[in-house]
Each structure stands twice: as structure tokens, then as C-alpha cells.
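In this text, all values refer to a predicted model and were calculated from it rather than measured experimentally. For reference, positions follow the sequence shown, starting with 1.
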Amino acid sequence: MKLYTHRAPETLGHPDDWRTLAACAGMAELFIPRDERNADSSEPKRICRGCPVKTTCLTEAMKEEKGADQHRRAGVRGGLNPAERAALHRRRAAGRGTTVEEAMATALSSGPTLREFYDKRTAPAADGHKKWTVSSTTHTFKGRIYTPMKIAFIVGHGREPTGIVRAACGMTGCVAPEHLTDDEMRRARKAAA
């Protein structure tokens, strides 16, 4: 069970409350999406950048959520998604003293693109194949968890894959975007044949 409901911070009936100044007022579905796992946090974070109460919002979120793991947190609050707020809590608990302002500055900065993330973790292999150079089977990028093949697919096809991503070239572990297919592409090829 998550600690936060599918509601934006309450803004009605509290004229002296910081939430009346929040840039997210009335945007519950954008900031606390029903499908958090596949939600894109870039637009809420863009809105948070210009919010006059983002520091207060994040401070309140951290107080409410206390030591909850990322799966018990919900939505973008104060410019940070659940994984970023959980990581901030862990850093602070470990005595690394990251302030709310430092965490927000890091999370709200532009950071690398998914293409740059992919390029740093791949290397060319024989016959136009590419291999993933990092041993981990999943990677977190801007608060979302991806497999190497999913990252490569998104980079090459410009969209999220439908179903399982497979290398059509037959080489195990190949992450060359042009060699990857998803369920939708395989169904289309089958129907065309």
C-alpha cells in the first residue's frame, strides 16, 4: 500500500497553506499517475522547476513518507519521483547529509539522455552487433527500471516496446537497436507473410 493517494496536494479551503501556491494544483493524474511504473516524470519535473513551493513540497513529502521504500511512495513531489525520494532518504540516513535543495537540483537538472546512457554502456561487436558492457541485468534511468534490450529498443525505435524485446539477428545478448523487435513488430511481420 502506498503512503500517498491518487490526489494532488489539497489546495481548497486552506488560504494560508503553501499548497495554494503549488504549480501542480488540479493536475493529480499528471503528478500521481495510476500506472506509476510506466509513467514519465519529465513533464511533472518541468512544472516543479518553476514552482514557488517545491522545497516545502519535498520537505513535506519526506516527512510524510519517512523511511518508506520507493514502492510505498507515489508520484512526483517537490521535483523528485518515488525512487529519487527513497534514495534521498537512504543518503540522509547514511549520514551523507544531502539537503533537500541539493537533491532537487540534481533531480531537476537535465542529465544525460537515454541515448547517452545507452552509448556509455555498449560497445561494437562483430558483424554490426552491439554488446552491453555492464554486467547488471536491469538499470535505473531517471527513476525507471529498464533492461538493456528495452533501452536499446527505445533508443532505436523512439517508442516503448510492446511485450518482449528480442534480437532478430539470432545473436544472444545483441543490443543493436536495428536488430531488435517487440511483439507488435513480430505480429506485423507474421501478418505480412
Side-chain angles (χ1 to χ4, degrees), residues 1-118 138-147 150-151 153-155 157-163:
M1 184 174 141
K2 294 192 179 206
L3 297 173
Y4 200 74
T5 63
H6 289 287
R7 294 180 293 142
E10 185 183 339
T11 59
L12 300 175
H14 301 280
D16 297 329
D17 193 322
W18 63 268
R19 291 173 284 202
T20 61
L21 302 172
C24 66
M27 299 181 191
E29 284 300 313
L30 181 61
F31 281 80
I32 318 258
R34 294 196 188 284
D35 182 8
E36 185 108 35
R37 183 179 170 115
N38 294 312
D40 179 10
S41 62
S42 58
E43 180 63 12
K45 287 182 174 193
R46 185 192 65 73
I47 292 167
C48 286
R49 271 189 203 104
C51 182
V53 294
K54 63 185 172 229
T55 303
T56 304
C57 181
L58 180 57
T59 301
E60 288 298 313
M62 297 301 289
K63 282 181 195 173
E64 289 171 22
E65 295 167 341
K66 297 183 178 136
D69 68 23
Q70 77 181 53
H71 304 291
R72 292 197 42 128
R73 299 171 189 255
V76 172
R77 297 182 70 189
L80 302 182
N81 66 30
E84 291 163 338
R85 291 194 309 277
L88 172 61
H89 174 77
R90 287 190 303 273
R91 285 191 304 271
R92 292 168 105 184
R96 287 184 257 152
T98 302
T99 67
V100 167
E101 291 80 6
E102 290 168 337
M104 288 171 56
T106 300
L108 296 175
S109 65
S110 58
T113 64
L114 193 57
R115 163 62 82 177
E116 292 165 337
F117 187 86
Y118 169 83
T138 60
H139 302 274
T140 302
F141 179 77
K142 295 192 177 181
R144 292 186 62 194
I145 299 171
Y146 298 94
T147 64
K150 187 171 183 179
I151 291 170
F153 185 91
I154 294 167
V155 165
H157 298 281
R159 65 175 177 85
E160 292 274 341
T162 302

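- Taking both residues in full, the closest heavy atoms of Ala23 and Ile47 are given as CB-CG2, 3.7 Å, listed atom of the first, atom of the second, then distance.
- Not counting sequence neighbours, the partners of Arg115 by the salt bridge (Lys or Arg N to Asp or Glu O under 4.0 Å) test are Asp119.
- Considering every non-hydrogen atom in both Ala68 and Ala86, the closest pair reads O-CB, 4.3 Å.
- Between the side chain of Arg85 and the main chain of Ala74, a donor-acceptor pair closer than 3.5 Å is present.
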**Message:** salt bridge (charged side-chain N to carboxylate O under 4.0 Å, His left out) for Arg19 and Glu60? Distances and angles first, verdict last.
**Reply:** CA-CA 11 Å; Arg19 291 173 284 202; Glu60 288 298 313; over 6 Å; no
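- Panel note: side chain Lys150, backbone Pro161; no donor-acceptor pair is recorded below 3.5 Å.
- In terms of heavy-atom proximity, Val76 sits nearest to Cys48 at CG1-SG, 4.0 Å.
- For the atom pair CD1 (Ile151) and OH (Tyr146), the distance works out to 7.5 Å, reported to the nearest 0.5 Å.
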**Asked** Hey, mind stepping through Arg77 and Phe31 against side chain to side chain contact (heavy atoms under 4.5 Å, CB included) and telling me if it holds?
**Response** CA-CA 8 Å; Arg77 297 182 70 189; Phe31 281 80; over 6 Å; no
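- The minimum heavy-atom distance linking Cys57 with Gly78 is given by the pair SG-N, 3.4 Å.
- Between Thr147 atom OG1 and His139 atom NE2 the span is 8.5 Å, to the nearest 0.5 Å.
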**Prompt:** Step by step, would you call Arg72 with Asp69 a side chain to side chain contact (heavy atoms under 4.5 Å, CB included)?
**Reply:** CA-CA 6 Å; Arg72 292 197 42 128; Asp69 68 23; 3.6 Å; yes
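- The two atoms that bring Lys66 and Arg73 nearest to each other are O-NH2, 3.1 Å, heavy atoms only.
- Counting heavy atoms from C-beta outward, Glu84 and Lys45 have side chains that approach closer than 4.5 Å.
- In this structure, Met62 CE and Thr59 OG1 are separated by 9.0 Å, a value rounded to the nearest 0.5 Å.
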